[in-house]
Amino acid sequence: MNTENKNSRRDFVKTSALITGGMMATPLLSKANFFSGADDTIKVALIGCGGRGTGAATQALSTKQNVKLVAMADAFRDRIDNSFKEMTGDNNIKGRVDVPEERKYVGFDAYKKAMAHADVVILTTPPGFRPIHFEEAVKQGKQIFMEKPVATDPAGIKRVLDAAEIAKQKKLNVVVGLQRHYQNSYRELYAKKELIGDITSAQAWWNNDGVWVNMRKPEQTEMEYQMRNWYYFVWLCGDHIVEQHIHNMDVINWFKGGHPVKAQGMGGRQVRKGKEYGEIFDHHYVEYQYAEQVRKGKEYGEIFDHHYVEYQYADGSILNSQCRHIPGTMSKVDELLTGTKGKISCGAANIKDHSGKVLFQFDKKGENDPYQTEHDELFAAIAKGEYKFNNAEYGAHSTMTAIMGRMATYSGQVLEWDKLMNSGLNIMPKEFAWDAMPPTLPDGDGYYTIAVPGKTKYI
Ligand SMILES: NC(=O)c1ccc[n+]([C@@H]2O[C@H](COP(=O)([O-])OP(=O)(O)OC[C@H]3O[C@@H](n4cnc5c(N)ncnc54)[C@H](O)[C@@H]3O)[C@@H](O)[C@H]2O)c1
């Protein structure tokens, strides 16, 4: 890095942080060495040290810049330990992991303390916490990488959009982990989308077997259990339509240049149903001794196992979206856009006219690792002192698209974007503590209430 870049980077990061603390007008403080600052080190804090957090931190530490991981925060100590062990066991990055015991923070308020040490924060907890963590990161003036989804309810989306505005004013780079925006094939298809004329309809799929299950342990409080098994609780995860299928709907929003205005759909819980249906379901990821309990459906909390949603955009065009967690059924994760002159198939990475003639085929040899590219581009911008990324708004809109889909399948009603956004619906707990009550609780037999279309009301 040349000196000019080094200085501009340091000033940029420092200025962002000083504005945050309202310190811009205080010359004495502005001289304070806010960052250890004697060199060009970019300091990173990891908030949420699970699978993706460890992956994202590894990618940040694998960029060309002088990046160091300096602080870690998690709700659980064992997650920090596993993540730390994995990163310090990786010869390619272990020299860049500088997290002594006193900079490992545990608990619900750990995020604030870890962020304070860093120039850049990586936000990779379950999505229910994202609005809280994003807001704080913006307040502290940090550059930000945050995973999708960015919330689980409309109130959380509003918080993210408000904080995104402040991030813009402070010129804080925000990258959201909707990695198709950083993937060569998608970027090429997007650049050539005029070949299909006006987009009139689209299809999106995330159909597969499902994900991990964490079993209840006798010593856990209800809050701890739900936090450990977060995928199956709507306040934490948003349901799988939000947690996974967001990627596909985000592509359609991106190519359409906007978000849907309406949605209606259907969905339910066909195989995660309970003891009477349990026998037909054999989960692939569960330890054998727990199989019986899982077969009874208890560990699947309150989410559906399939959703089918018809979205409508402002110009009347339609997105048909489907997502399913049912083993033994068609597996497909893809997007297809149909226009007046042709079709874009994202998985096949090609564009054809309506007669089937190939107008463009992306050469898959040119594909990149989009997870790495997200960090390469973010850290290159930070090092140069550039303000380049403002992904928070589209991240929030794509998250809200998925939330609207969930609310449509849960309620069975036709839902409108503006009404949902103005509803202020907030499904988060009032208090975060291990002995506090989460918003959804099991009945005496350990089963949770599942939404019933036609009866469940969200607004
Ligand atoms: N872009 C992608 O392709 C991709 C892939 C996987 C996951 N993700 C996203 O990354 C996020 C994390 O997923 P994961 O698979 O790593 O889950 P995970 O369970 O492996 O990790 C989440 C971690 O966050 C911690 N945590 C929970 N609440 C916390 C809080 N309030 N404060 C601090 N730590 C907290 C958990 O203890 C856990 O260690 C999710 O939003 C998920 O959707 C994105």
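FYI, side chains are in, hydrogens and waters are out, and symmetry mates aren't considered; it's all heavy atoms of this structure. Order of appearance sets the numbers: ligands from 1, and atoms from 1 within every ligand.
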Provide the full list of ring-ring contact (aromatic ring centres under 6.0 Å, His included) pairs with a residue in residues 90-109, sequence neighbours left out, each pair given once.
Tyr105-His117, Phe108-Phe432, Phe108-Trp434
Aromatic contact, Tyr410 with Phe304 (centres under 6.0 Å)
yes
4.0 Å heavy-atom contact, [X] with ligand 1:
X	value
Phe76	yes
Phe432	no
Pro127	yes
Ala56	no

So which protein heavy atom does atom 21 (O) of ligand 1 come closest to, and at what separation?
Gly50 CA, 3.2 Å
Protein contact of atom 16 (O) of ligand 1 - nearest heavy atom, named by residue and atom, plus distance
Arg52 N, 2.7 Å
With respect to Trp206, which candidate in His325, Gln244, Glu335 satisfies the side-chain hydrogen bond (donor to acceptor under 3.5 Å, both in side chains) definition?
Gln244
Out of Ile132, Leu178, Ile246, Asp74, who is nearest to atom 37 (O) of ligand 1 when you count heavy atoms only?
Asp74
Heavy atoms only: which of Glu147, Arg130, His133 is nearest to atom 41 (O) of ligand 1?
Arg130
Thinking salt bridges, do Lys85 and Asp78 make one under a 4.0 Å N-O criterion?
no
With His306, which residues qualify under ring pair (Phe, Tyr, Trp, His ring centres under 6.0 Å), at least two apart?
none
